[in-house]
Amino acid sequence: MSKKFYITTPLYYVNDVPHIGHAYTTLAADILARYHRLLGEEVFFLTGTDEHGQKVAQSAEKKGAPPQQQADQMVIQFQQLWKRLNVSHNDFIRTTEPRHTQVVQAVLQQLWDRKEIYAAAYEGWYCLPDERFWTEKELIENKCPDCGRPVESIAEQNYFFKMGLYQDRLRQYIKDHAQFIQPEGRRNEVLGFLEKPLGDLCISRPISRLTWGIPLPFDKNYVTYVWFDALVNYISVPGYSTDSGRFKNVWPAQLHLVGKDILTTHAVYWSTMLMALGLELPQQLFAHGWWTMDGEKMSKSRGNVVDPNQVVETFGVDAFRYFLFKEVPFGQDGNFSHAAMMQCYNSFLANDLGNLVSRVVSLVNKFTEGKIPKPGERGEKEQEVEAIARDMHERVDEAMRSLQFHRALGEIWKLVDRANLYIEQMSPWKLAKKGTASEDTEKLRTVLWTAANTIRLIALYLLPFMPETAYKIRKTLGLPDPEEMDIERAWAFSFAGCAVVINTALFPRMEEVKSASVPQEAVPVFTEPPVLDISTPLITIDAFKKLDLRIGEVLSAEPIKGSKKLLKLRVNAGAEFRQIVAGIGTKYRPEELVGKQIVFIANLQPTQLMGIESQGMLLAAGAEKVLGLLTCDERIPPGSRIR
Ligand code: MSP
């Protein structure tokens, strides 16, 4: 039987829409789930929403809606976002579903019957946002020791779980199992926390104060504390107390991924609950860091909460997935900024990976009739590339097993860089030029096969991180759908003869004008209706061929005195520079044009406009008004011909 891998994310509160923090944990889990599937393991990846409790009830109340309605509306936002981010969870649990609530009640009943839960009067302090009780001694300057917000005094009868009973056992367990809580620093924090006496856990809320929760099976005047309810999802979904066969196969979880703020609830509440139930503990709890935005804590009031939808809109799903895990070692805090995202996109994705793939595919297209060739004898350089690829396999595996995603990506990029260098060194275009000597054609085939095989392997290792990109690379190499894409078989896979497919650039270079937070109003509104009737006279292909259309790059642009419309551009046209006068001043400011790639007619008779010579004409869309310039979806060497 294959090895199993059960991985979970926290259940997200449905009091608000998802943000980058929620996406972060979920994507980390997705990367691991996909990786373990590649290893051929039986993966069960669970995520979902935490729908009960005061937070959700309050946010519903503010909107004047019933809490269930609030949950029903908000859960869609999470589900849609996961779909958009290509999250491959196997199940999605909502804590309001009967398959969960019945298990929570069964757990409560068992613990009540076994006297692990008791009733007692409670008097103390309560932090509403954290939904936690504190003793007088625990408060810091009369505020919640956890979040620093004001607390309220509470005196009421409640039910308690005998958590304190398990303190020594838990401390010993953590000491004996070094991998149980990771990273190391967080493990020490939990051990530190367990040095102080551990009280019992209040697991009920009287319905006079809160009705939005699962009723206690043994006292209808109370609902269950939201954390006690939500944590049970990790066993309710695999079938605890409902499907013992399945439960035995799935539990214990290999990994609970959590943010650092909810490590204690998992390491202490959840572990002791499992001990009381006589169940095994999960193999690992891993606490990741927090994201800030432009160096500041994200909050609604500051208006700086990063919306994953917007980032994806601008940069694409895979760039977002890549950035989150390349930028920051998993476990540490990270900072999100538009500039860092742009820089990461352009240099690692557009330049390194994107260029590598488009280069290899166009070389195969040009020199081996669009088919992946059979390699000849491999030389020293080919062996070097292969050694790096084999090394990558070992190192990526090691990094993935310790959740060091940034290291795994670094290893993959070593191969990307080496492949780019290899192409430079071997210059297949020179081999092709040298002629038809059989050793030259054999070398050319070997070089192109090695380059193509390298990107095939890169795509395989990138699959967990950037699934869409991995599939696109496979497609462009003419590979079939990826059923056989498991690491073991991938090494042995032969793909000579596959026909490459030329596609648009994977990561077209991005320019600074595109912003992650372009306000809605800035989106252009087209006032000119599209012209659909094309009734111009026909021309022959020869007439078209007379046009010498080229790519140019704007080096400078300035207004022309006396004209609102005309701008004088200096254009890099490859072998020469051109001065072009263009009537685009009503659409573009001169500074917006610098660095832009344009399409221009290079063999147009020079002419004078407002007394200034124009040595070409650039192409723009729009009959009366300029709607936009014609440009390319990736950077092309200036002077390149257009056919
Ligand atoms: N409902 C509880 C979890 C119950 S698990 C049985 C909860 N929900 S939450 O929606 O508030 O947070 C869920 C996760 O989002 C936590 O792991 C938290 O660390 C993470 N993040 C929230 N803001 C974050 C950042 N700014 N950065 C990174 N992750 C953050 O807690």
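The structure presented is a predicted model; accordingly, all values stated were derived computationally and were not measured. Whatever order the structure lists them in is the order used to number ligands and atoms, beginning at 1.
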Query raised in the report: Nearest heavy-atom pair of Thr25 and Thr9: which atoms, and what distance?
Result: O-CG2, 4.2 Å

Query raised in the report: Which one of Val306, Val311, Asp307 satisfies the side chain to side chain contact (heavy atoms under 4.5 Å, CB included) criterion with Asn309?
Result: Asp307

Query raised in the report: Against heavy atoms of Asp261, which atoms of ligand 1 measure under 4.0 Å?
Result: 18 (C), 19 (O)

Query raised in the report: With atoms numbered from 1 as shown, which atoms in ligand 1 lie under 4.0 angstrom from a non-hydrogen atom of His266?
Result: 5 (S)

Query - Element-labelled atoms of ligand 1 that are located less than 4.0 Å from some non-hydrogen atom of Gly259 - result: 17 (O), 19 (O)

Query raised in the report: Looking only at heavy atoms, which two atoms of Leu170 and Val268 are closest? And how far apart?
Result: CD2-CA, 3.9 Å

Report task. Among all protein heavy atoms, pick the one closest to atom 23 (N) of ligand 1 and tell me residue, atom and distance. Result -> His19 CE1, 3.2 Å

Query raised in the report: Of the protein's non-hydrogen atoms, which lies at the shortest distance from atom 15 (O) of ligand 1, and what is that distance?
Result: His22 CD2, 3.6 Å

Requested in this report: Mind running salt bridge (Lys or Arg N to Asp or Glu O under 4.0 Å) on Arg395 and Glu398 for me, showing each step along the way?
Outcome: CA-CA 5 Å; Arg395 290 175 191 229; Glu398 195 196 313; over 6 Å; no

Query raised in the report: Would Arg84 count as a cation-pi partner of Phe320, with NZ or CZ less than 6.0 Å from the six-membered ring centre and within 45° of the ring normal?
Result: no

Report summary line: If you scan protein heavy atoms around atom 20 (C) of ligand 1, the nearest is Gly21 O, 4.2 Å

Query raised in the report: Which of the atoms of ligand 1 are close to Asp50, meaning less than 4.0 Å from one of its heavy atoms?
Result: 1 (N), 2 (C), 4 (C)

**Report entry** Top protein contact for atom 9 (S) of ligand 1, by heavy-atom distance
**Finding:** Tyr13 CD1, 3.7 Å

Query raised in the report: Which protein heavy atom lies closest to atom 27 (N) of ligand 1, and at what distance to 0.1 Å?
Result: Trp291 N, 2.9 Å

Query raised in the report: Is any N or O atom of Trp227, backbone or side chain, closer than 3.5 Å to an N or O atom of ligand 1?
Result: no

Query raised in the report: Of the protein's non-hydrogen atoms, which lies at the shortest distance from atom 3 (C) of ligand 1, and what is that distance?
Result: Leu11 O, 3.3 Å

Query raised in the report: What protein heavy atom sits nearest atom 14 (C) of ligand 1, and how far off is it?
Result: Tyr12 CE2, 3.8 Å

Query raised in the report: Okay, side chain of Thr211, backbone of Ile207: is any donor-acceptor separation there less than 3.5 Å?
Result: no

Query raised in the report: Just checking, any donor-acceptor pair under 3.5 angstrom between side chains of Tyr12 and Thr26?
Result: yes

Query - Under 4.0 Å to a heavy atom of Met298 - the qualifying atoms of ligand 1, by number - result: 26 (N)

Query raised in the report: Among Ile93, Asp91, Val104, which one satisfies side chain to side chain contact (heavy atoms under 4.5 Å, CB included) with Asn233?
Result: Ile93

Requested in this report: Consider ligand 1: state whether an atom of it lies below 4.0 angstrom from any non-hydrogen atom of Lys55.
Outcome: no

Query raised in the report: Do any heavy atoms of Gly289 fall under 4.0 Å from ligand 1?
Result: yes

Requested in this report: For the pair Asn158 (side chain) and Cys202 (backbone), establish whether a donor and an acceptor sit closer than 3.5 Å, ignoring hydrogens and angles.
Outcome: no

Report task. Check whether NZ of the Lys or CZ of the Arg Arg37 lies under 6.0 Å from the centre of the six-membered ring of Phe45 and within 45 degrees of that ring's axis. Result -> no

Query - His288 heavy atom under 4.0 Å from ligand 1 - result: yes

**Report entry** Identity and separation of the nearest protein heavy atom to atom 16 (C) of ligand 1
**Finding:** Ile262 CD1, 3.7 Å

Requested in this report: Tell me, please: is Tyr234 in heavy-atom contact with ligand 1, that is, under 4.0 Å?
Outcome: yes

Query raised in the report: Do other residues, nucleotides or ligands put more than 12 heavy atoms under 6.0 Å from the CD atom of Glu42?
Result: no

